[in-house]
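To keep things clear, I will list the structure first and then write my remarks on it.
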Amino acid sequence: MVNTDIAGRRLANQFIRSSASMKPEEVVRRLGALQAQDYLQAVWAIGLRTPSATLAQVERAVAERKIALTWTLRGTIHFVPPEDVKWLLQLCAPRLLRQAVRRMEQLELDEKTLGHARKIIYKALKNGGSIRRPDMLELLESEGIRTGGQRGYHILWHSAYSGLICFGPRSGKQQTFVLLDQWVEHSRELSFEESLSELALRYFTAHGPATVQDFAWWAGLTLTEARAGLDAVKSKLETDVFSGTEYWSPASSGGHMPATSEVHLLPGFDEYILGYSDRSAVLEPETAPLIVPGNNGVFLPTIAAGGQIIGTWKRTVKTKGVDLKFSPFTKLAQDHEERLMLAAERYAAFLGLPVLTIMR
DNA sequence: TGTCTTATACCATGGTTAGG
DNA sequence: CCTAACCATGGTATAAGACA
């Protein structure tokens, strides 16, 4: 059921409705982790949460190692604070590697082959360099390891969860890889229990109001583990009951902050939607399928008005500017229409490009 | 020469359901 | 509650050719 109270508080706690000015790395630290399956959408997920950041500033924060990029929660790529990569991997990797065993067998990637690949990758990166993805795959091929089909992707995925590599700064439009131990200068050491409670505190602080089921889904933990994490930090959180279900929020977020008529352009896979297993507070059941056409796990960029998802959008970057296409589910109210134009201007300013055309 | 269009290859999990 | 198996595509880079 749509709930404007939950929506308004999530907008504030997720820093989408922002009053403070934060640097890109502060956004990542406060959210704990931002899904970054699609790089160009993920940098905007950070930009959306900083009142004035530009694409160049976000990319610089990555290049200066203030933000790390690697596979973590749920087996997918996230922006995370560099000092947290190791304990997040210790928490997530064992289960994910176990679940991937069958897929690895299908791809004929046995432990011997994966170990051989890790040796090749380590040797190539140990002098502190970075290697572009196509060059890395070519290197593996030249050493006799086939990378066709999904093999190359899974070798890199497995190497990241083994703690060997993470993404480096982009080289042009290419991903690069670096050695995790060399890229991350300082790592926090947390026990399993400490990891659960730390992750729980971060999650509910920056995603609340949310349920323990939402947390388990977001973190890729079992419900049992998620409950243990939440139990350890309950005293630092406040609780509300909506429709008989318990929701947890940061203690400072009290009071009512109903969603206003503000309009935001969310990237695909944004934490505002992907951060919860139950998205019904911000998404009508009839429109939910429209943001994931084919129900295939590919989430389109969305338009949020008053905290509710009311349409999708897409952008096309051209040499002289950016084209925008908006696809609202229903005709927009006049004030939403006006604020949509402001959101478009903000997005273009993030890219450092003018808006060329706006289509419907 | 620079821009645009088109074809192609590749990259990236989330949802659902059955069964232990 | 948890795991395993299975199903389902849009976005983007890039190269080649068309075009102004």
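The sequence lines fix the lettering, A, B, ..., with proteins before strands; numbering per chain opens at 1.
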Here's one to test your reading of the geometry: is the NZ or CZ of A:R202 within 45 degrees of the ring axis of A:W87 and under 6.0 Å from its centre? no
Starting from the 5' end of DNA chain C, give me the residue, A:R315 or A:R227, whose nearest nucleotide shows up first. A:R227
Distance in angstrom units between A:R98 CZ and C:dC2 P, rounded: 12 Å
Please report the distance, rounded to the nearest Å, between CH2 in A:W44 and P in C:dT12. 15 Å
Output a table of nitrogen or oxygen pairs between the protein and nucleotides 15-20 of chain C separated by less than 3.5 Å.
none

Here the distance between atom P of C:dA13 and atom OH of A:Y39, to the nearest Å, is 12 Å
Residue met sooner reading DNA chain C from 5', once A:R95 and A:R170 are mapped to nucleotides: A:R95
Single hit among A:E337, A:E338, A:H336 for side chain to side chain donor-acceptor pair (under 3.5 Å) with A:Q334: A:E338
Rounded interatomic separation in angstrom, taking CE from A:M104 and P from C:dA4: 14 Å
Which listed nucleotide (B:dG15, C:dG11, C:dA13) is nearest to the side chain of A:F299? B:dG15
Partner residues of A:F269 under the ring-ring contact (aromatic ring centres under 6.0 Å, His included) criterion, sequence neighbours left out: none
Atom CG of A:L300 to atom P of B:dG14: distance rounded to whole Å? 14 Å
Residues A:K126 and A:D181 bridged, charged N to O under 4.0 Å: no
Think A:R74 forms a cation-pi with A:W217, using NZ or CZ under 6.0 Å from the six-ring centre and within 45 degrees of its axis? yes
Atom CG of A:L97 and atom P of C:dT3: how far apart are they, to the nearest Å? 14 Å
A:F167 and A:W71 aromatic ring geometry - parallel, tilted or perpendicular at 30°/60° bounds: tilted
Less than 4.0 angstrom from a charged side-chain N to a carboxylate O is my criterion; do A:R118 and A:E111 meet it? yes
Nearest 0.5 angstrom please: A:T222 OG1 to A:R227 CZ, how far? 9.0 Å
Could you list, one pair per line, each protein nitrogen or oxygen that sits under 3.5 Å from a nitrogen or oxygen of nucleotides 1-11 of chain B, together with the distance?
none

Respond yes when some side-chain nitrogen or oxygen of A:Q41 is under 4.0 Å from OP1 or OP2 of B:dA12, and no when none is. no
Classify the ring geometry between A:W157 and A:H154 as parallel (under 30°), tilted (30 to 60°) or perpendicular (over 60°). tilted
Could you list who else is in A:Y247's hydrophobic cluster, with ILVMFWY side chains joined at under 4.5 Å, directly or through other members? A:I6, A:F242
Whole-Å gap separating P (B:dA12) and CG (A:L40): 12 Å
Residues within residues 209-225 of chain A bordering DNA chain C, heavy-atom distance below 4.0 Å: A:T222, A:L223, A:T224
Residue list, ring-ring contact (aromatic ring centres under 6.0 Å, His included) with A:Y39, at least two apart or on another chain: none
dist A:L283:CG -> A:Y272:OH (nearest 0.5 Å) comes out at 10.0 Å
Figure out the CG/P separation between A:L274 and B:dA12, and round it to whole Å. 16 Å
